[in-house]
Amino acid sequence: ARPAPRPPSLPAIQRCLVRLGDRPASLLGSRDWIGCVEAALVLDELFSVPCRLLHLPPSPSLSALPAQLHQHFRTQGSPAMMGGDRDASSKGVLGVCCCLGGASYLLIADPHYHGPPPQDRLRLQEEGWVGWRRLDSLDPQSFYNLCLPQTGGWG
């Protein structure tokens with residue numbers, strides 16, 4: 001297995017986006033939003049990992065999403081990044097579950113967690129940093145973008 005590269009710092013990500021011409025120099029040192037499209041650019045530029053971008057327009061039903069994510073996890077093995085407009089909470093999607101009764105769930109990790117790795121993984125669940133979320137709990141008035149890293153399953 002290849003060693004995992006260290007994640008870039010926020011300033012390194014900002015410099016990358018400015019260098020690529022995606023953002024103006026005013027991004028440097030700012031707290032401006034970096035979304036799925038920008039994540040795809042950075043993954044490709046810094047790690048040579050191309051990404052598939054999936055845009056989901058506002059809809060009362062996101063019923064096709066679980067199958068798309070299942071296919072991604074099966075073939076690529078990498079987490080997905082998810083963000084929206086009205087639902088501006090970034091999400092790391094780590095898994096999908098489709099129940100016999102028709103309900104679907106996404107295993108969501110909040111990418112805003114900071115601090116040392118917890119000794120007790122249950123703490124992450126108890127504090128809401130990771131957990132299963134019903135698909136129908138997503139905002140039907142929001143569009144969603146997903147960044148699906150195309151690792152070819154090497155991760």
Side-chain angles (χ1 to χ4, degrees), residues 1-14 16-17 30-44 46-56 58-155:
R2 74 173 71 171
R6 294 190 53 87
S9 66
L10 180 58
I13 291 169
Q14 291 173 334
C16 177
L17 292 170
S30 75
R31 295 177 56 107
D32 286 357
W33 179 254
I34 295 174
C36 290
V37 172
E38 293 84 5
L41 292 170
V42 169
L43 285 170
D44 190 35
L46 298 182
F47 301 107
S48 299
V49 174
C51 296
R52 178 175 165 236
L53 291 170
L54 180 61
H55 176 74
L56 304 171
S59 170
S61 171
L62 297 172
S63 59
L65 182 58
Q68 292 170 310
L69 285 170
H70 182 264
Q71 173 74 4
H72 171 75
F73 293 137
R74 191 171 58 73
T75 60
Q76 304 302 317
S78 60
M81 180 181 169
M82 182 176 187
D85 60 343
R86 283 177 47 113
D87 178 358
S89 251
S90 298
K91 298 160 189 55
V93 184
L94 306 176
V96 62
C97 177
C98 298
C99 300
L100 292 176
S104 295
Y105 295 82
L106 302 179
L107 181 57
I108 302 291
D110 185 336
H112 301 99
Y113 177 81
H114 57 89
Q119 299 302 312
D120 179 9
R121 288 181 283 179
L122 287 177
R123 187 181 127 230
L124 290 174
Q125 289 176 302
E126 291 166 356
E127 294 179 5
W129 294 107
V130 67
W132 289 99
R133 184 166 169 191
R134 282 183 67 110
L135 184 66
D136 62 11
S137 72
L138 297 177
D139 186 342
Q141 302 300 313
S142 181
F143 74 74
Y144 289 95
N145 286 325
L146 283 90
C147 174
L148 306 171
Q150 302 298 289
T151 62
W154 58 255

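Judged by distance alone, with hydrogens and angles left aside, the side-chain atoms of E38 form a donor-acceptor pair with the main-chain N or O of G35 at under 3.5 Å. S137 places no side-chain N or O within 3.5 Å of a backbone atom of R133 that could act as its donor or acceptor partner. For H72 (side chain) and S78 (main-chain N/O), a donor-acceptor pair under 3.5 Å exists by modelled atom type. Looking only at distances, a side-chain donor or acceptor of Q76 sits under 3.5 Å from a matching main-chain atom of G152. Although no hydrogens or angles enter the test, the distance criterion places no donor-acceptor pair under 3.5 Å between the side chain of N145 and the main chain of G83. Remark: the backbone N or O of A12 is paired with a side-chain donor or acceptor of S9 at under 3.5 angstrom.
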Please evaluate residues L124 and Y113 with respect to the criterion side-chain contact (heavy atoms from CB on, under 4.5 Å), reporting the C-alpha separation (whole Å), side-chain torsions for both, the decisive distance (0.1 Å), and the verdict.
CA-CA 9 Å; L124 290 174; Y113 177 81; 3.9 Å; yes
Working note: L148 + L53, criterion side-chain contact (heavy atoms from CB on, under 4.5 Å); need CA distance, chi angles, decisive distance, verdict.
CA-CA 6 Å; L148 306 171; L53 291 170; over 6 Å; no
For K91 and L138: C-alpha separation, side-chain torsions, deciding distance, then whether side-chain contact (heavy atoms from CB on, under 4.5 Å) applies.
CA-CA 11 Å; K91 298 160 189 55; L138 297 177; 3.8 Å; yes
Let's go through I108 and V130 carefully: what are the C-alpha distance in whole Å and the side-chain angles of both, what is the deciding distance for side-chain contact (heavy atoms from CB on, under 4.5 Å) to 0.1 Å, and is it a yes or a no?
CA-CA 6 Å; I108 302 291; V130 67; over 6 Å; no
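Between the CG atom in L65 and the OG atom in S59 there is a gap of 10.5 Å [rounded to 0.5 Å]. Expressed to the nearest 0.5 Å, how far SG of C97 lies from NE2 of H70 amounts to 10.0 Å. Between atom CD of residue Q150 and atom CG of residue L43 there is a gap of 11.0 Å, rounded to the nearest 0.5 Å. Expressed to the nearest 0.5 Å, how far SG of C36 lies from CG of L146 amounts to 6.0 Å.
Minimum heavy-atom separation, C147 to P149: O-CD, 3.3 Å. For the residue pair F47 and P8, the shortest heavy atom distance occurs at CZ-CD, 3.7 Å. Closest non-hydrogen pair, A40 versus C51, comes out as CB-CB, 3.7 Å. When all heavy atoms are compared, the tightest approach of S30 to Q14 is O-NE2, 3.0 Å.
Within the 4.5 Å cutoff, no side-chain heavy atoms of D44 are placed close to those of V49. The closest side-chain heavy-atom distance from F73 to L94 is not below 4.5 Å. Counting heavy atoms from C-beta on, the side chains of D136 and L62 never come closer than 4.5 Å. Contact annotation: the side chain of L135 approaches that of P66 to within less than 4.5 Å [non-hydrogen atoms, C-beta and beyond]. The shortest side-chain heavy-atom distance between S90 and W33 falls under the 4.5 Å cut-off.
Evaluated for a side chain to side chain donor-acceptor pair (under 3.5 Å) with Y144, the options D85, D87, D139 yield exactly one hit, D87.
Side-chain contact, H112 with S89: no donor N or O sits under 3.5 Å from an acceptor N or O.
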